[in-house]
Amino acid sequence: MYADTVEILNRSETPPFEIADENNVALELRLKHRYLDLRRPVMQKRLTFRHKICQTVREYLDRLNFVDVETPVLTKSTPEGARDYLVPSRINLGKFYALPQSPQLFKQILMVAGYDRYFQIVRCFRDEDLRAQRQPEFTQMDMEMSFVDENDIIQVIEGLMATIFEKVVGKKVTIPFPRITYKEAMASYGCDAPDLRFDMKIKDVSDIVRASNFKVFLDTINTGGQVRGINAVGCGNYSRKDIDDLTAFVGQFGAKGLAWFKVEESGLTSSITKFFPADVLEKLQQHMHAKKGDLLLFVADKTRVVNQSLAQLRLHLGHKNKIIDTTIFNFSWVVDFPLFDYNEDLKRYEALHHPFTSPHPDDLPILEGKPLEVKARAYDLVLNGVELGGGSIRIHTPETQKRVFRLLGIDDESAYLKFGFLLDALKYGAPPHGGIALGVDRMVTLLLQLDDIREVIAFPKTQKATCLMTNAPSEVDPQQLKELGIRLA
RNA sequence: GGGGCCGUAGCUCAAUUGGUUAGAGUACCAGACUGUCGAUCUGGAUGUUGCGGGUUCGAGUCCCGUCGGCCUCGCCA
């Protein structure tokens with residue numbers, strides 16, 4: 001470029017960091033001067049990519065006759081679920097709005113109202129502690145359809161993902177996505193969002209080690225626990241320290257120890273082999289498909305601890321040993337969730353998904369009798385071991401909805417207080433309906449192969465839920481508090 | 001609420017076992033040179049070591065507290 005004249009439109013101070021793709025600057029500083037950080041070409045690419053994903057979602061759903069309907073941000077606090085963000089009402093002193101955790105009830109109401117294909121790319125709020133994958137406000141691609149079953153929703157979403165991959169990512173993705181049951185996911189991967197990019201399945205050896213003399217295992221089994229483990233293929237050369245590190249790792253998740261066996265030519269070796277008869281050792285090796293040079297790792301504890309420890313250990317080893325192909329996008333559906341689980345602390349049942357999820361019709365007769373065996377008509381979309389979103393076919397009769405509320409410890413009176421509008425709406429011929437919500441921030445993060453959703457959010461919050469640029473949240477004028485009838489403690 | 005890592009020049013980092021005047025690269029400023037494009041050369045300026053206390057003859061380093069950032073458990077229907 002050759003310039004004849006130069007006019008300075010505005011002067012710039014020396015920026016606090018270099019505005020370049022590779023700048024390796026502390027996140028703290030980037031967030032404080034986000035207007036400079038967002039100038040970096042890489043950030044512009046990320047936000048543009050996000051925009052294109054959202055545009056593709058809109059085009060795709062519009063073509064299928066979905067209608068984008070806005071739902072309120074100032075709404076009603078609901079029990080269950082995450083902690084609400086509250087907004088005091090000046091006009092109704094002493095009362096509060098809540099920011100929506102999701103537009104769940106509004107979209108169901110829209111189904112009753114005859115808008116049988118709804119979608120919205122919508123902000124949701126949850127006042128819980130933050131993580132690299134979790135912000136207090138986040139965006140969902142939310143949709144709902146009437147007169148549908150699970151397969152209809154799944155097909156629409158598979159078509160959507162295929163379109164996004166074709167138009168935005170520039171890669172092919174094979175549909176339909178494989179489906180795995182909740183039961184199988186928990187058994188083989190220890191979690192409900194399994195990373196299927198690598199094998200290393202968890203196996204139950206409780207029945208085999210019952211014939212051992214190892215007290216830790218026996219006591220665990222006799223008190224209702226279990227012994228499960230994984231085969232860390234090729235890790236037979238791990239040192240004592242390596243294994244100690246793994247033990248400490250699973251300790252974070254409540255495991256009190258990590259039993260190990262190295263697989264050698266002669267069979268299994270370990271400091272604890274003396275407690276195991278030869279045939280038990282042999283059965284263990286066979287059951288775990290262990291070959292020379294492998295390392296077997298077992299956790300004995302109650303189911304929850306075993307699941308979490310081994311699920312995390314599996315991922316840890318997968319990354320550590322680089323056996324995960326990080327260039328691929330592995331989608332799957334997790335289906336056949338239980339409707340409830342039991343909260344030991346509160347001594348009551350809780351909805352695994354949410355209280356509006358329909359039980360499987362076959363299980364209606366055992367709803368009250370064996371609630372933990374009732375299957376939910378729910379499905380989660382999982383990408384590379386991350387839950388991208390979830391949905392369900394909803395309850396559409398007031399009778400069933402009340403039965404579920406009662407099981408959750410919500411009596412008819414408080415149900416009407418909290419969800420009266422839904423129960424009323426369901427009385428007027430509500431159609432069968434269902435839907436799903438996908439996390440947009442997570443989706444964009446994964447598609448860009450990043451690991452922090454703050455990299456795809458223009459103005460994210462810190463771990464303490466503050467904005468370093470605006471300094472929100474902040475103190476307010478005493479007059480504002482007075483108008484709201486609020487006095488600080 | 002619990003556990004862990006981190007905080008040193010504008011930025012990214014170093015500083016031996018607690019030891020003299022806290023350094024480097026880069027950025028910045030000035031000059032030289034130059035058909036520039038990560039220029040180059042010469043020179044220069046730059047620190048309340050986040051903050052407060054303590055231990056010590058002596059603290060960037062050790063201890064306590066506090067503020068902030070990050071990771072994580074709990075939490076997140």
Side-chain angles (χ1 to χ4, degrees), chain A residues 1-3 6 12-33 36-37 40 77-85 98 100-105 108 124-138 140 192-193 245 248-255 304-305 308-309 311-312 315-316 337-346 348-357 376 378 380 386-387 389-392 394-395 404-405 407-410 418-419 437 439 441-442 451-455 460-469 471:
Chain A
M1 181 192 292
Y2 298 89
V6 171
S12 174
E13 290 187 8
T14 304
F17 52 83
E18 195 188 352
I19 297 166
D21 282 355
E22 302 289 334
N23 67 1
N24 185 35
V25 173
L27 184 62
E28 186 173 1
L29 201 68
R30 293 174 53 200
L31 293 182
K32 184 175 175 189
H33 304 278
L36 299 178
D37 190 44
R40 297 162 59 218
S77 178
T78 53
E80 306 265 327
R83 190 178 295 110
D84 284 319
Y85 273 101
Q101 297 179 25
S102 81
Q104 182 59 35
L105 294 176
Q108 290 192 236
C124 303
F125 306 86
R126 294 178 191 175
D127 187 4
E128 298 291 350
D129 287 358
L130 287 82
R131 291 283 191 284
Q133 289 282 3
R134 205 196 294 163
Q135 284 273 307
E137 51 179 313
F138 59 98
Q140 285 193 339
D192 62 3
D245 288 347
F249 178 80
V250 294
Q252 299 179 76
F253 310 102
R304 208 179 61 79
V305 171
Q308 206 186 348
S309 306
Q312 296 291 341
L315 289 174
H316 179 72
F337 282 81
L339 190 61
F340 303 109
D341 65 3
Y342 190 73
N343 185 318
E344 295 287 349
D345 297 328
L346 300 177
R348 66 176 183 86
Y349 296 106
E350 278 184 338
L352 201 76
H353 196 60
H354 59 52
F356 318 106
T357 300
D380 275 5
V386 177
E387 182 196 322
S392 63
R394 327 295 184 185
I395 295 166
V404 169
F405 280 153
L407 274 158
L408 294 172
I410 305 172
K418 288 158 184 163
F419 304 111
D441 313 285
R442 281 188 186 179
D451 48 22
D452 186 340
I453 63 171
R454 284 169 293 211
E455 297 298 338
K461 303 261 187 306
T462 67
Q463 193 166 47
K464 290 194 76 180
T466 67
C467 172
L468 293 178
M469 190 180 73
N471 272 321

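Sequence lines set the chain letters: A, B, ... in the order given, protein chains first and strands last, and positions in each chain run from 1.
- Separation of the P atoms belonging to B:C64 and B:G69 is 22 Å when rounded to the nearest angstrom.
- Taking 4.5 Å as the limit, every side-chain heavy atom of A:K418 sits out of range of all side-chain heavy atoms of A:T78.
- Only the P atoms considered, B:C71 is 26 Å distant from B:G10, to the nearest whole Å.
- When side chains are defined from C-beta on, A:D192 counts as touching A:F337, because their heavy atoms get closer than 4.5 Å.
- Proximity of a side-chain donor or acceptor of A:R30 to a complementary backbone N or O of A:D37 within less than 3.5 Å is not detected.
- Base contact: A:D129 has a heavy atom under 4.0 Å from a base atom.
- Here B:C28 presents its C1' atom at 13 Å from CD of A:E18, a figure rounded to the nearest Å.
- Across every strand in view, B:G10 sits in a pair with B:U26 that passes the Watson-Crick or G-U test at under 3.5 angstrom.
- Separating the CZ atom of A:F138 from the P atom of B:C76 is a distance of 13 Å, rounded to the nearest angstrom.
- Comparing the P positions of B:G25 and B:G52 gives an interatomic distance of 31 Å, to the nearest angstrom.
- Among the atoms of the strands shown, only primed sugar atoms or phosphate atoms (P, OP1, OP2) are found under 4.0 Å from some heavy atom of A:L29.
- Take A:A255 and apply the side chain to side chain contact (heavy atoms under 4.5 Å, CB included) test, not counting sequence neighbours, and it matches A:V250, A:V299, A:V305, A:S309.
- A parallel orientation is assigned to the rings of A:H316 and A:F249, their planes being inclined by less than 30° (bins at 30° and 60°).
- Atom name C1', nucleotides B:U8 and B:U49: the rounded distance is 4 Å, in whole Å.
- Side-chain atoms of A:E455 and A:D451, non-hydrogen and from C-beta on, never get closer than 4.5 Å to each other.
- B:U56 is unpaired under the Watson-Crick or G-U wobble criterion, no partner having all donor-acceptor distances under 3.5 Å.
- Rounded to an integer number of Å, the gap from CZ of A:F249 to C1' of B:G4 is 14 Å.
- Below the 3.5 angstrom threshold, one finds no donor paired with an acceptor across the side chain of A:R30 and the base of B:C11.
- Taking atom CZ of A:F17 as the reference point, atom C1' of B:A9 lies 18 Å away to the nearest angstrom.
- Look at CG on A:D37: it is 13 Å from C1' on B:C11, rounded to the nearest Å.
- Annotation: B:C67 and B:U20 have their C1' atoms spaced 33 Å apart (nearest Å).
- Across the protein-nucleic acid pair, A:E128 atom CD and B:G1 atom C1' stand 13 Å apart, rounded to whole Å.
- Across B:U72, B:G74, B:G10, the shortest atom-to-atom separation from the side chain of A:Q252 is found for B:U72.
- Nucleotides B:U21 and B:C29 have their C1' atoms positioned 24 Å apart, rounded to a whole Å.
- For A:S392, the side chain to side chain donor-acceptor pair (under 3.5 Å) partners are A:T357, A:R394, not counting sequence neighbours.
- The side-chain heavy atoms of A:L339 and A:Y349, taken from C-beta on, include no pair separated by under 4.5 Å.
- Nucleotides B:C62 and B:A15 have their P atoms positioned 12 Å apart, rounded to a whole Å.
- Look at the P atom in both B:G4 and B:A27: the space between them is 40 Å, to the nearest Å.
- Rounded to whole Å, the distance from CG on A:L346 to P on B:C75 is 10 Å.
- Using Watson-Crick or G-U wobble geometry with both donor-acceptor distances under 3.5 Å, B:C5 finds its partner in B:G69.
- Judged by atom type and distance alone, A:R126 does not reach the base of B:C76 through any side-chain donor-acceptor pair under 3.5 Å.
- Summarising the geometry, the separation between NZ on A:K32 and P on B:G10 is reported as 12 Å, rounded to the nearest angstrom.
- Contacts of A:F253 with the nucleic acid, taken as non-hydrogen atoms under 4.0 Å apart, involve only primed sugar atoms and P, OP1 or OP2.
- Classification of the A:F405-A:F419 ring pair by plane angle, with boundaries at 30° and 60°, yields parallel.
- Of the residues near RNA chain B, A:G81 and A:Q312, the one whose nearest nucleotide (by heavy atom distance) lies more toward the 5' end is A:Q312.
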Under 3.5 Å between N/O atoms: give me all the protein pairs with nucleotides 68-71 of chain B, atom names plus distance.
residue, atom, partner, partner atom, Å
B:G68, OP2, A:K464, NZ, 3.0
B:G68, O2', A:E28, OE2, 2.7
B:G69, OP1, A:T462, OG1, 3.2
B:G69, OP1, A:T466, OG1, 3.3
B:G69, O4', A:E28, OE1, 3.3
B:C70, OP1, A:R454, NH1, 3.0
B:C70, OP1, A:Q463, N, 3.2
B:C70, OP2, A:Q463, N, 2.8
B:C70, O3', A:R454, NH2, 3.3
B:C71, OP1, A:R454, NH2, 2.4

